[in-house]
Student: 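Could you have a look at this structure, given as structure tokens, before my questions?
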Amino acid sequence: MAERYDCTECKESLYGQKYVLREEKPYCVKCYEVLFCHNCEVCQKLISCTSKDLSYKDRHWHGECFLCTKCSRSLVDRPFATKDDVLMCTECYSNEFSAKCHACLKTIMPGSKKMEHKGNSWHENCFTCNRCQQPIGTRSFVQKDGNNYCLSCYEKQFALQCVHCKKPITTGGVNYRDQPWHKECFVCIGCKQQLAGQRFTSRDDFAYCLDCFCNLFAKKCAYCTTPISGLGGSKYISFEQRQWHNDCFNCKKCCVSLVGRGFLTSQIKILKLYPTVCQLLE
């Protein structure tokens with residue numbers, strides 16, 4: 001007696017009948033379609049086991065129902081995209097949602113290389129220097145008046161040249177006497193310290209930091225011998241070719257300040273005017 005060969009689900013004999021194997025288990029066509037086949041997303045009809053089932057993200061379509069929602073072209077064996085679960089061919093999707101090139105105004109197709117800057121997009125070959133027309137790619141560039149320039153062209157066309165080194169100033173320039181300088185070029189003529197952001201002065205068209213200017217040109221206090229800058233509104237006393245800081249102009253004997261008071265001098269000494277406890281004698 002021959003061994004029976006029945007449907008795994010309904011137990012009906014499969015001899016002489018069409019059947020489907022799933023995980024090595026036989027099913028009659030009816031049971032297989034009930035258990036495992038899906039309904040089409042478009043027509044809602046069953047996708048039979050003899051029809052092509054196209055699936056995407058747990059959704060299923062008949063081959064003839066798998067169409068672009070916009071242009072109705074078949075998406076079978078064609079690239080496609082989705083927006084809010086709506087199927088579209090890449091052309092329709094791009095026209096509807098993809099960025100437009102800022103230069104040629106054409107759609108930037110999905111999958112193609114796109115350059116972006118400040119909310120604008122370009123095709124890679126459209127993202128070029130406005131002066132030399134060469135693609136900028138990933139190189140540094142400068143945007144001016146809505147146009148893009150590679151650094152070399154920008155420097156040639158727009159950048160100021162440092163009055164000291166004659167090279168273009170791209171960032172961090174200093175303006176002194178209506179002339180442009182690099183920060184690193186604008187230095188004290190004496191100690192070479194950068195002067196940008198610091199107090200400085202000039203003499204004979206040369207810039208000096210305050211320390212160098214005082215050491216080179218300022219008069220020395222007759223008492224403490226340090227320079228009297230006179231800069232920034234600081235006051236000093238001058239008498240008979242000698243100068244003193246205000247704080248240093250004191251009576252030699254009692255150290256009382258003589259600023260605004262009468263005084264006498266004897267050789268290098270300054271003394272309060274008589275009558276006082278201070279005397280001209282040693």
Student: What's the shortest heavy-atom distance between V174 and A196, and which atoms?
Tutor: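 So the two residues come closest at CG2-CB, 3.9 Å.
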
Student: Let me confirm one number: the CZ-SG distance from R78 to C89, rounded to the nearest 0.5 Å.
Tutor: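 Going from CZ on R78 over to SG on C89, the span is 6.0 Å.
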
Student: Between P180 and I169, what is the shortest heavy-atom contact and its length?
Tutor: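 In this case the closest contact between P180 and I169 is CB-CD1, 3.7 Å.
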
Student: Taking the six-membered ring of Y154, is the NZ or CZ of K144 close enough (under 6.0 Å from the centre) and on axis enough (within 45°)?
Tutor: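 No, cation not above the ring by the 6.0 Å, 45° rule.
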
Student: Apply salt bridge (charged side-chain N to carboxylate O under 4.0 Å, His left out) to K70 and list each qualifying residue two or more places apart in sequence or on a separate chain.
Tutor: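 By the salt bridge (charged side-chain N to carboxylate O under 4.0 Å, His left out) rule, K70 matches E96.
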
Student: Applying salt bridge (charged side-chain N to carboxylate O under 4.0 Å, His left out), name anything that partners R59, two or more places apart in sequence or on another chain.
Tutor: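 Residues passing salt bridge (charged side-chain N to carboxylate O under 4.0 Å, His left out) with R59: E41.
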
Student: Give the ring-plane orientation class for F97 versus Y93, where under 30° counts as parallel, over 60° as perpendicular and anything between as tilted.
Tutor: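 If you compare the ring of F97 with that of Y93, the planes turn out tilted.
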
Student: Locate the shortest heavy-atom distance separating L35 from E9; write the atom from each residue and the value.
Tutor: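 Shortest heavy-atom separation between L35 and E9 comes out as CD1-OE1, 3.8 Å.
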
Student: Please enumerate all residues that pass side chain to side chain contact (heavy atoms under 4.5 Å, CB included) together with K156, with sequence neighbours excluded.
Tutor: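 If we apply the side chain to side chain contact (heavy atoms under 4.5 Å, CB included) test to K156, skipping adjacent residues, the hits are R131, S152.
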
Student: Would you verify whether the NZ or CZ of R22 falls within 45 degrees of the ring axis of Y27 while also being under 6.0 Å from that six-membered ring's centre?
Tutor: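 Because its charged atom misses either the 6.0 Å distance or the 45° angle limit, R22 does not stack over Y27.
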
Student: Classify the ring geometry between W181 and H164 as parallel (under 30°), tilted (30 to 60°) or perpendicular (over 60°).
Tutor: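 The rings of W181 and H164 lie parallel, inter-plane angle below 30°.
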
Student: How would you list, by chain and number, every residue that makes a salt bridge (charged side-chain N to carboxylate O under 4.0 Å, His left out) with R139, sequence neighbours excluded?
Tutor: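 Once residues adjacent in sequence are excluded, R139 has no partner under the salt bridge (charged side-chain N to carboxylate O under 4.0 Å, His left out) criterion.
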
Student: Taking all non-hydrogen atoms of both residues, which atom of C37 and which atom of C49 are closest, and how far apart?
Tutor: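 Scanning both residues, the minimum pair turns out to be SG-N, 3.8 Å.
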
Student: Grouping I, L, V, M, F, W and Y whenever their side-chain heavy atoms are under 4.5 Å apart, do V20 and F36 come out in a common cluster?
Tutor: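 Looking at the clustering, F36 is in the same group as V20.
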
Student: Go through the structure and list residues passing ring-ring contact (aromatic ring centres under 6.0 Å, His included) with F80, not counting sequence neighbours.
Tutor: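 So F80 forms a ring-ring contact (aromatic ring centres under 6.0 Å, His included) with Y56, F66.
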
Student: How many angstroms lie between atom OH of Y149 and atom CG of N130, to the nearest 0.5 angstrom?
Tutor: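 Taking OH in Y149 and CG in N130, the distance rounds to 4.0 Å.
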
Student: May I ask you to decide whether K30 forms a salt bridge with E12, counting only side-chain N to carboxylate O separations under 4.0 Å?
Tutor: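 Answer for the salt bridge query: no.
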
Student: Can Y176 be reached from V163 by stepping across I, L, V, M, F, W or Y side chains whose heavy atoms are under 4.5 Å apart?
Tutor: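 Linked, V163 and Y176 end up in one cluster.
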
Student: Excluding sequence neighbours, so at least two apart, what forms ring-ring contact (aromatic ring centres under 6.0 Å, His included) with F141?
Tutor: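 Testing F141 for ring-ring contact (aromatic ring centres under 6.0 Å, His included), a comparison that skips the adjacent residues, returns H117, F127.
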
Student: Mind checking side chain to side chain contact (heavy atoms under 4.5 Å, CB included) for K106 and listing every partner two or more places apart, or none if nothing turns up?
Tutor: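 With neighbours one apart ignored, the set is C104, H123.
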
Student: Report the residues that fulfil side chain to side chain contact (heavy atoms under 4.5 Å, CB included) with Q194, sequence neighbours left out, ordered by chain and then residue number.
Tutor: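 Once residues adjacent in sequence are excluded, the partners of Q194 under the side chain to side chain contact (heavy atoms under 4.5 Å, CB included) criterion are K183, E184, V187.
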
Student: Just jot down the ring-ring contact (aromatic ring centres under 6.0 Å, His included) partners of H62, sequence neighbours excluded, or say none.
Tutor: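 Counting only residues at least two positions away or on another chain, H62 forms no ring-ring contact (aromatic ring centres under 6.0 Å, His included).
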
Student: Might you confirm whether atom CZ of F206 has over 12 heavy atoms from other residues, nucleotides or ligands at distances under 6.0 Å?
Tutor: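 No, CZ of F206 has 12 or fewer neighbouring heavy atoms, counting only those of other groups under 6.0 Å.
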
Student: Could you give the distance from CZ (F200) to CZ (F186), rounded to the nearest 0.5 Å?
Tutor: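 It comes to 3.5 Å.
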
Student: Under the side chain to side chain contact (heavy atoms under 4.5 Å, CB included) test, which residues partner K52, sequence neighbours left out?
Tutor: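 Partners of K52 under the side chain to side chain contact (heavy atoms under 4.5 Å, CB included) test: L54, V76.
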
Student: For the backbone of P26 and the side chain of T8, can you confirm whether one donor and one acceptor N or O come within less than 3.5 Å of each other?
Tutor: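 Yes, because the side chain of T8 sits within donor-acceptor range (under 3.5 Å) of the backbone of P26.
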
Student: ring-ring contact (aromatic ring centres under 6.0 Å, His included) with Y19: which residues, sequence neighbours excluded?
Tutor: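 Checked Y19 against ring-ring contact (aromatic ring centres under 6.0 Å, His included); matches are Y5.
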
Student: Over all heavy atoms of both residues, which pair between M115 and E124 is shortest? Give the atoms and the distance, please.
Tutor: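 In terms of heavy atoms, the two residues are closest at CG-CA, 3.9 Å.
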
Student: Please round to the nearest 0.5 Å and tell me the distance separating atom NE2 of H102 and atom SG of C126.
Tutor: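 Reported value, rounded in 0.5 Å steps: 11.5 Å.
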
Student: Evaluate T128 against N148 for side-chain contact (heavy atoms from CB on, under 4.5 Å), listing each step before the verdict.
Tutor: CA-CA 7 Å; T128 60; N148 301 318; over 6 Å; no

Student: Same hydrophobic cluster for L75 and W61, using side-chain heavy-atom links shorter than 4.5 Å among ILVMFWY?
Tutor: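 Yes, because L75 and W61 connect within a single hydrophobic cluster, where side-chain heavy atoms sit under 4.5 Å apart.
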
Student: Quick one, K192 with I189, criterion side-chain contact (heavy atoms from CB on, under 4.5 Å). Give me CA distance, side-chain angles, the key distance, then yes/no.
Tutor: CA-CA 6 Å; K192 308 305 179 185; I189 195 68; 4.2 Å; yes

Student: Quick check: closest heavy atoms across W122 and C101, and the distance to 0.1 Å?
Tutor: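 Heavy atoms of W122 and C101 come nearest at CA-SG, 3.8 Å.
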
Student: Sequence neighbours excluded, which residues qualify as salt bridge (charged side-chain N to carboxylate O under 4.0 Å, His left out) partners of E33?
Tutor: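 For E33, no residue satisfies salt bridge (charged side-chain N to carboxylate O under 4.0 Å, His left out) once neighbours in sequence are set aside.
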
Student: Do NZ/NE/NH1/NH2 and the carboxylate oxygens of D205 and R177 come within less than 4.0 Å?
Tutor: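 Judged by the 4.0 Å cut-off on N to carboxylate O distance, D205 and R177 do form a salt bridge.
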
Student: Under 3.5 Å, side chain of T69 to main-chain N/O of L87, donor-acceptor pair present?
Tutor: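 Indeed, once roles are kept as given, a pair shorter than 3.5 Å links the two residues.
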
Student: Hey, could you give me the SG/CD distance between C40 and E64, rounded to the nearest 0.5 Å?
Tutor: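 With rounding to 0.5 Å, SG (C40) is 7.5 Å from CD (E64).
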
Student: Rounded to the nearest 0.5 Å, what separates atom CZ in F158 from atom SG in C153?
Tutor: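 Reported value, rounded in 0.5 Å steps: 10.0 Å.
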
